Amino acid sequence: MDVRQDIRNVAIIAHVDHGKTTLVDELLKQSGIFRQNEQVAERVMDSNDLERERGITILSKNTAVHYNGVKINIVDTPGHADFGGEVERILMMVDGVLLLVDAFEGCMPQTRFVLKKALGLKKKVIVVVNKIDRPGARPAEVIDEVLDLFIELGAQEDQLDFPVVYASARDGYSSLDPTVREGDMRPLFDSILENIDPPAGDMNGPLQILFSSLDYDDYIGRIGIGRVERGSIKRNGQVVLCKTDGEYQNVKVSKLYQFEGLKRVEVEEASLGDLICVSGISDLNIGETACDPDHLEPLPFVKIDEPTISMNFIVNNSPFAGQEGKFVTSRNIRDRLFKEVETNVSMRVEETDTTDTFKVSGRGELHLSILIETMRRQGYEFQVSRPKVIMKKENGVLLEPMELLIVEVPEQYVGSVMEKLGSRKGELENMGVRDGGMTHLEFRIPARGLIGYRSEFMTDTNGNGILNQLFAGYEPFKGDIQTRERGSIVVHETGETTGYGLFNTQDRGRLFVGPGVPVYEGMIVGECAKSEDVVCNVCKQKHLTNTRASGSDDALRLVPPTVLSLEQCMEFIKDDELLEVTPTSLRLRKVILSKEQRMKQQFRK
């Protein structure tokens, strides 16, 4: 058994917003990767626009730093449960993990999710208590919480004896003492070298590379990212690709890269334990193994959890179709969706009975909304239906996905939150009070009960609540749930909204559009205050006459419209409504645009 002491492979896992990407920033800076005068962006690993805007990591990224002659490969992982597929497969590439926990918030649902995966794969864990300089930090209690979580998740005895490092990623220091408030990241680096096992295996044996991730480059095509599990590989080497469907394919590795800081650097050779990028294999997929031609031994790949929510992606057929998008045909949309599945392993795309509709399944609303947002930025135009949960049948029993919902709210809002979640079949499992007057609630609730709840929650708590959810397995069907109670304000005719028409409509409910917006018959422009849909003429002009009356000719006062985000639109629509997505607009509409046709349909039901 050969052991490579000059390499450590480690992933950073944590709940969303606990400081993973900021910590990677500091490790990069203090390892001397950047020049003295180099301009470095904040959260340098969050490289795409969506990640920067939302402040979350969506795709896992690789980087590498050098410390005391040892190369440390670091993988920054997403913190949202919806992107759990990214985390699960990345853990195959590393020998240990840094579990990052906020010194104030403690263990959150995503901490539980990623830690369970890491412990299941027998990875070494270093606990990093981050943000120890935060007001209200409680490092000692947080360590107790982490220990309880380890025991609850069935950690083995040697895993329970985990090393702890205290850090402030923002201020760039770490220490083994929770009271220290200065210094640098050396204690964390030392802890990684001391506690994370170096790669071990057969350095001179037949080659095995397991591919856990994919990337794409416009110049060199598809790039496979993986780890050399055994032996070594040279540039231009011949290997056999063991496909996931059991087939074998002879391929040539045209280029080899390794990570150095934020760059991919071309190398001639890589051996046991190296994390590498390979180009030249055109139809490579995640989970496949590259082997020595004389020894075909594919490696098992981690099982990725199944999707829980599905939506229909439909070719846009509204009166405004094709005016704003660049890619609008069913062929364009089909190619783009199937291309997404190649790199996004926890997503599924199925063709339906009609050629213009595709069923897309993912881990959650956020998982699907990121895909929709990415596609509209690339110039695609399409429509999506309301998200639906994916049911299962086992032994004749109908099962539905459940979520563990963790809520932190100020005391005065607890009543309204419990009432709303109770009506959505939520069961309270745990309740406690945090320092500072926040109440901590844990619910077990069907996934479909949470569709459309987030915006209500923000209203009920005046924006003071924090909501986190985590997939918690399948349970027998819980019965019907009453969702959105209010109807829609639907447009009467095609035209442009006027101040006069909106002024006469705004008493009916909440408007989503202002004056001067092009609309079509059947489009939804607001939420009705009552439970049924109401059809209004928002394009009505005021007829001018030569008589004037004091009072009636005053300026019309319009209430500012509520502009819905993509997620809010997805939560708002009912089963008989669609969301039209174009690069510049989001429009809500009825599936059947004509009022007469809708009335006939209702009458038939």
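Everything numeric in this text was worked out from a predicted model, so none of it was measured. Side chains are part of it too, since the values below use all heavy atoms of this structure and drop only hydrogens, waters and symmetry mates.
Contact check on Arg377 versus Glu373 returns a salt bridge, with a Lys/Arg side-chain nitrogen under 4.0 Å from an Asp/Glu carboxylate oxygen. Ion pairing between Arg334 and Glu351 holds under the 4.0 Å rule for side-chain N and carboxylate O. At a threshold of 4.0 Å, the pair Glu527-Arg510 counts as salt-bridged, since one of the basic side-chain nitrogens sits closer than that to a carboxylate oxygen. Glu145 has a carboxylate O that lies under 4.0 Å from a charged side-chain N of Arg138, or vice versa, which qualifies the two as a salt bridge. Salt-bridge annotation for Asp102 and Arg134: present, with a side-chain N of the basic residue lying under 4.0 Å from a carboxylate O of the acidic one. For the pair Glu400 and Lys478, the salt-bridge criterion is not met [side-chain N within less than 4.0 Å of a carboxylate O]. Taking the charged nitrogens against the carboxylate oxygens, Arg444 and Glu475 do have a contact shorter than 4.0 Å, which makes a salt bridge.
Screening Glu580, Glu521, Gln383, Glu577 for a side chain to side chain donor-acceptor pair (under 3.5 Å) involving Arg589 leaves a single residue, Gln383.
When the side chain to side chain donor-acceptor pair (under 3.5 Å) test is applied to Lys530, no partner is found at least two apart in sequence or on another chain. With sequence neighbours excluded, no residue forms a ring-ring contact (aromatic ring centres under 6.0 Å, His included) with Phe477. Remark: Tyr413 engages Asn462 in a side chain to side chain donor-acceptor pair (under 3.5 Å) (not counting sequence neighbours). A search for side chain to side chain contact (heavy atoms under 4.5 Å, CB included) contacts involving Thr497 returns Leu502, Val513, Val517, Val519, Val538, not counting sequence neighbours. Judged as a ring-ring contact (aromatic ring centres under 6.0 Å, His included), and not counting sequence neighbours, the contacts of Phe512 are Phe572. By the ring-ring contact (aromatic ring centres under 6.0 Å, His included) test, Tyr453 is found to be paired with Phe457, residues two or more places apart in sequence or in another chain being considered. With sequence neighbours excluded, the residues forming a side chain to side chain donor-acceptor pair (under 3.5 Å) with Thr584 are Glu324, listed by chain and number. Under the rule for a side chain to side chain donor-acceptor pair (under 3.5 Å), Arg598 has no partner lying at least two apart in sequence or in another chain. Legend: residues meeting ring-ring contact (aromatic ring centres under 6.0 Å, His included) with Phe503, ordered by chain and number and at least two apart, are absent. In this view, Val315 and Ser330, Ile333, Asp356 satisfy the side chain to side chain contact (heavy atoms under 4.5 Å, CB included) rule, not counting sequence neighbours.
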Q) Run the side-chain contact (heavy atoms from CB on, under 4.5 Å) check on Val433 and Met438 step by step: do they pass? A) CA-CA 6 Å; Val433 180; Met438 292 291 268; over 6 Å; no

Q | Trace of the side chain to side chain donor-acceptor pair (under 3.5 Å) decision for Thr439 with Glu411 | A | CA-CA 6 Å; Thr439 303; Glu411 207 174 318; 5.2 Å; no

Q: Start with the C-alpha distance between Met402 and Tyr474, add both sets of side-chain angles, then the distance that settles side-chain contact (heavy atoms from CB on, under 4.5 Å), and finish with yes or no.
A: CA-CA 6 Å; Met402 299 293 287; Tyr474 278 80; over 6 Å; no

Just list the side-chain donor-acceptor pairs under 3.5 Å for residues 556-566, sequence neighbours left out, or say none.
unit_1: Ser565; atom_1: OG; unit_2: Gln568; atom_2: N; d: 3.3
unit_1: Ser565; atom_1: OG; unit_2: Gln568; atom_2: OE1; d: 3.3

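Considering all non-hydrogen atoms of both residues, Lys590 and Val490 come closest at CE-CG2, 4.0 Å.
Counting heavy atoms of neighbouring residues, nucleotides and ligands inside a 6.0 Å radius, atom CE of Met391 exceeds 12 of them. With a 6.0 Å radius and a threshold of 12 heavy atoms from other residues, nucleotides or ligands, Glu532 has its CD atom above the threshold.
Annotation: ring-ring contact (aromatic ring centres under 6.0 Å, His included) contacts involving residues 322-344, sequence neighbours excluded, comprise Phe327-Tyr380.
Between Phe313 and Phe358, the ring centre distance reaches or exceeds 6.0 Å.
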